[in-house]
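Working notes, structure below.
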Amino acid sequence: MATTRLDRRRVARVALDLLNETGLDGLTLRAIAKELDVKAPALYWHFKDKQALLDEMATEMVRGAAADLAGTPDADWRTSVTTAMRALRRMLLRYRDGAKVYSGTYFTDTSYAAPVEAQLRCLTEAGFTPGAAARALLTATSYTIGYVIEEQATGPRPGADGADGAGGEGYDLAARAERLKDYPLAAAAGEEMFRGYEDGFEAGLAAVVAGIGATLLRPGATSRGPGARPA
């Protein structure tokens with residue numbers, strides 16, 4: 001029997017460690033209980049089901065990255081949003097299937113609130129209305145989560161046998177090109193879509209941030225944050 005007191009946060013930390021070995025599909029309460037050296041029913045005292053566990057895991061991810069997720073509130077809003085989304089991507093990539101775990105979960109405490117408040121304050125002080133600031137943040141966050149879901153699904157991942165096209169070296173672009181040989185533009189797009197994930201993320205994020213400024217920033221606003229220097 002485990003000698004360390006069992007609590008929700010400890011279970012979540014062990015589950016996140018195990019996630020890197022099993023992936024989301026292989027993560028079970030039984031496997032986590034074995035790792036903790038307890039019986040599976042002991043976990044149901046803390047989590048009614050796997051979704052409740054995923055909620056706690058996502059919250060634990062945020063707890064460890066909250067300072068970085070705040071962005072750089074004293075900088076230009078574009079810099080702050082970009083910095084925060086880079087931090088979000090790094091956080092998700094620390095864990096196998098991290099973006100899938102994070103997506104659609106409900107936080108179990110307010111660890112996320114300070115970073116969100118900091119980003120929204122930066123945006124509103126730059127000239128966004130509160131509603132537009134919320135929409136801007138959600139748009140950038142949704143892009144980042146969606147990008148990492150695809151990145152983790154099609155990029156190299158441990159333990160894959162390559163049968164689904166995403167094995168040890170990632171998506172088999174030669175096989176994809178062969179399947180799409182009658183569609184040359186779609187075939188050639190594979191290099192852009194499934195290689196160079198770092199550069200691809202940065203290019204897409206720049207487009208998202210530019211679009212936010214073009215469509216959501218209040219006309220006549222300076223577009224600079226509270227601490228930004230004049231251009």
Side-chain angles (χ1 to χ4, degrees), residues 15-32 35 50-51 53-55 57-58 61-62 64-65 68-69 78 81-105 135-216:
L16 286 169
D17 289 340
L18 191 59
L19 183 68
N20 287 330
E21 299 177 19
T22 67
L24 183 56
D25 290 341
L27 187 69
T28 65
L29 290 176
R30 183 179 299 276
I32 296 165
E35 205 60 27
K50 186 175 179 179
Q51 184 57 55
L53 172 62
L54 294 178
D55 291 344
M57 290 168 65
M61 291 165 69
V62 171
D68 293 333
L69 295 174
R78 296 177 182 84
V81 170
T82 299
T83 301
M85 294 307 108
R86 288 171 177 165
L88 176 59
R89 178 172 174 261
R90 287 196 304 271
M91 181 192 79
L92 299 175
L93 287 174
R94 288 190 191 113
Y95 308 98
R96 181 175 169 185
D97 294 332
K100 286 184 179 179
V101 170
Y102 190 82
S103 178
T105 52
R135 177 58 53 190
L137 182 57
L138 178 62
T139 299
T141 300
S142 298
Y143 162 73
T144 302
I145 295 171
Y147 187 94
V148 179
I149 286 176
E150 291 298 315
E151 180 177 5
Q152 292 184 315
T154 60
R157 64 178 186 262
D161 61 8
D164 60 357
E169 297 184 358
Y171 208 109
D172 187 339
L173 293 187
R176 179 184 182 275
E178 178 62 26
R179 290 194 301 272
L180 297 176
K181 60 186 178 182
D182 293 332
Y183 307 92
L185 292 176
E191 284 292 336
E192 182 68 26
M193 297 168 67
F194 304 114
R195 288 288 185 269
Y197 289 102
E198 188 77 28
D199 290 342
F201 174 76
E202 291 293 330
L205 181 58
V208 169
V209 171
I212 286 171
T215 62
L216 294 175

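Counting from 1, the numbers follow the sequence of the chain as shown.
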Whether the side chain of T215 engages the backbone of G211 through a donor-acceptor N/O pair (distance < 3.5 Å, no angle test) should be reported. yes

Under 4.0 Å between a side-chain nitrogen and a carboxylate oxygen: does that hold for E198 and R89? yes

If every non-hydrogen atom of Y147 is compared with every non-hydrogen atom of G196, which pair is closest and at what distance? OH-O, 4.5 Å

Atom pair CD/CG of E35 and L27 - distance to nearest 0.5 Å: 10.5 Å

After noting the C-alpha distance and the side-chain angles of K100 and L92, does the key distance pass the side chain to side chain contact (heavy atoms under 4.5 Å, CB included) rule? CA-CA 9 Å; K100 286 184 179 179; L92 299 175; over 6 Å; no

Around atom CD of E192, are there more than 12 heavy atoms from other residues, nucleotides or ligands closer than 6.0 Å? no

Straight-line distance of R195 CZ to L173 CG, nearest 0.5 Å: 4.0 Å

Can you tell me how far apart CE (M57) and CG (L24) are? Round to the nearest 0.5 Å. 7.5 Å

Hey, are E21 and R96 close enough for a salt bridge, meaning a charged N less than 4.0 Å from a carboxylate O? no

Hey, can you tell me if F201 and Y143 have their rings parallel, tilted or perpendicular (30° and 60° cut-offs)? parallel

In Å, rounded to the nearest 0.5 Å, how long is the span from CG of L205 to OG1 of T83? 9.5 Å

Residues R135, I212; criterion side chain to side chain contact (heavy atoms under 4.5 Å, CB included); working and verdict: CA-CA 9 Å; R135 177 58 53 190; I212 286 171; over 6 Å; no

Separation between OG1 of T154 and CZ of F194, rounded to the nearest 0.5 Å: 5.5 Å

Step by step, work out the side chain to side chain contact (heavy atoms under 4.5 Å, CB included) result for M91 and L69. CA-CA 9 Å; M91 181 192 79; L69 295 174; 4.1 Å; yes

When rounded to the nearest 0.5 angstrom, what distance separates CG in L19 from OH in Y95? 9.0 Å

Looking only at atom types and distance, does a side-chain atom of E151 sit under 3.5 Å from a main-chain N or O of Y197, one as donor and one as acceptor? no

Does any part of the side chain of R86, heavy atoms only, come nearer than 4.5 Å to the side chain of T144, both counted from C-beta? no

Between Q51 and G104, which heavy-atom pair has the shortest distance, and what is it? NE2-O, 4.4 Å

Got L88 and V148 here, is their nearest side-chain heavy-atom distance under 4.5 Å? no

Can you confirm whether more than 12 heavy atoms, excluding those of R176, are under 6.0 Å from its CZ atom? yes

